[in-house]
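Comments concern the structure below.
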Amino acid sequence: MAVFTPVSLDDIRQWITQFPLGQPLALKGIPSGIENSNFFITTERGEYVLTVFEKLTFEQLPFYLNLMRHLAERGVLVPAPIANADGALIVALHGKPASIVSKLEGSSQMAPQPAHCAAVGAMLARMHLAARDFPLQQDNLRGLAWWNATTPEVLPFLSDSNAHLLRAEMHFQDAFAGCATYKTMPRGPVHADLFRNNVMFSGERLTGFFDFYFAGCDSWLFDVAVTVNDWCIDVASGVLDAARVRALLDAYHAVRPFGAGEQTAWQPMLRAAALRFWLSRLYDFHLPREAEMLTPHDPVHFERILRERIATPAPELF
Ligand SMILES: Nc1ncnc2c1ncn2[C@@H]1O[C@H](COP(=O)(O)OP(=O)(O)OP(=O)(O)O)[C@@H](O)[C@H]1O
Ligand SMILES: N[C@@H](CCO)C(=O)O
């Protein structure tokens with residue numbers, strides 16, 4: 001169970017009185033997740049999720065929590081952060097930053113069909129548009145600068161073939177980020193981690209996006225590429241599934257039309273999105289943190305996807 005900071009019902013009885021949630025009735029650690037310590041809390045007012053942030057700081061967190069509030073207020077389906085009596089969304093618990101958000105109904109759809117992908121594409125485009133007037137700025141902290149910083153840390157653990165792939169792809173992505181097309185791409189706050197396990201569905205009805213703690217300002221197309229690389233693949237091979245790709249991209253395009261520059265950037269962006277998760281998985285695998293129990297995600301999955309995106313022409317964006 002990936003609970004890095006244990007929290008008990010007794011620990012929060014006094015602490016939770018600063019929120020308008022009534023008495024806590026039950027608290028349960030959530031076993032999935034590798035970044036933060038998460039708990040379901042039942043209070044007299046309903047069901048919520050408590051997150052204790054393990055790496056993100058009090059300085060970084062306002063971007064994520066205020067973005068969620070901004071989106072929720074504009075009808076994008078995301079958990080609504082709960083403010084305490086002073087209006088604060090982030091408060092200390094066991095010396096670490098913590099927040100409480102509303103619990104989404106439904107469950108993750110781990111075997112998505114085209115209808116699920118279309119719902120995700122449409123909501124992603126709505127999210128990008130709704131965040132255009134979000135006033136806070138924060139870079140994608142898992143963007144190009146982080147890839148460049150992390151590459152030398154993981155290289156010593158790689159086979160010759162993988163070290164060559166990583167060096168070559170970093171070279172390609174550094175050059176791509178410097179080109180004119182990249183610089184004109186539409187950008188704004190993006191989720192940047194919109195995998196199947198970060199979206200809730202009730203049947204075919206999308207009930208919410210969550211886990212915004214990798215969000216940041218980046219190109220919208222990067223967000224689309226991250227999403228397609230998870231929602232629209234055959235998991236065993238990493239190969240894109242044409243029907244699901246079409247469903248997701250067409251639904252996105254109907255809400256926020258893609259531009260010609262984005263078509264040019266699509267294949268490099270699919271590669272960038274694969275590289276980002278290959279790198280973070282390599283880092284977590286070879287340089288793990290302590291946890292009560294932690295199962296790192298498999299880096300080979302994204303190595304396979306990266307090789308596949310390099311080898312195979314990208315599908316038409318629109
Ligand atoms: N607002 C929410 N409503 C309902 N369930 C939630 C909510 N937030 C988190 N969960 C549940 O908690 C689990 C872990 O949350 P989350 O994915 O945010 O953790 P994490 O540590 O940031 O994980 P990772 O970054 O590995 O995805 C989710 O899979 C989901 O079941
Ligand atoms: N979605 C990431 C985990 C961090 O949220 C991965 O699958 O590697």
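Whatever order the structure lists ligands and atoms in, that order sets their numbers, starting from 1. Numbering of residues begins at 1 and proceeds along the displayed sequence.
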Can you check whether F277 and H301 have ring centres sitting under 6.0 Å from each other?
no

I'd like to know whether the aromatic ring centres of F176 and Y182 sit less than 6.0 Å apart in this structure.
yes

Between [atom1] on residue [X] and [atom2] on residue [Y], distance to nearest 0.5 Å:
X    : Y    : atom1 : atom2 : result
M185 : L221 : CE    : CG    : 4.5 Å
L141 : D218 : CG    : CG    : 10.5 Å
L194 : T227 : CG    : OG1   : 4.5 Å
W147 : L279 : CH2   : CG    : 8.5 Å

[X] heavy atoms, cut-off 4.0 Å: which ligand 1 atoms fall inside?
X    : answer
P79  : 1 (N)
F210 : 7 (C), 8 (N), 9 (C), 10 (N), 17 (O), 28 (C), 30 (C)
K103 : 3 (N), 4 (C)
N36  : 21 (O), 22 (O)
N198 : 17 (O), 27 (O)

Per-residue contact class, [X] against ligand 1 - non-hydrogen pairs under 4.0 Å:
X    : answer
T51  : neither
I30  : side chain
S102 : backbone

So is M200 in contact with ligand 1, going by heavy-atom distances below 4.0 Å?
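Yes, M200 has heavy atoms under 4.0 Å from ligand 1.
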
Does F195 come within less than 4.0 Å of ligand 1, judged by its heavy atoms?
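Distance cut 4.0 Å: F195 fails for ligand 1.
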
Presence of salt bridge, R309 and E169, under 4.0 angstrom
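Salt bridge flag = no for R309 with E169.
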
Using a strict 4.0 Å threshold on nitrogen-to-oxygen distance, state whether D284 and R281 make a salt bridge.
no

Keeping Q263 on the side-chain end and L317 on the backbone end, is there a donor-acceptor pair under 3.5 Å?
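The answer is yes, because a donor-acceptor pair under 3.5 Å joins these two groups.
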
Any sub-3.5 Å donor-acceptor pair from W266's side-chain atoms to P315's backbone N or O?
yes

Which protein residues come within less than 4.0 angstrom of ligand 2, counting heavy atoms only?
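For ligand 2, the contacting residues are D193, F195, F214, F277, R281, H297.
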
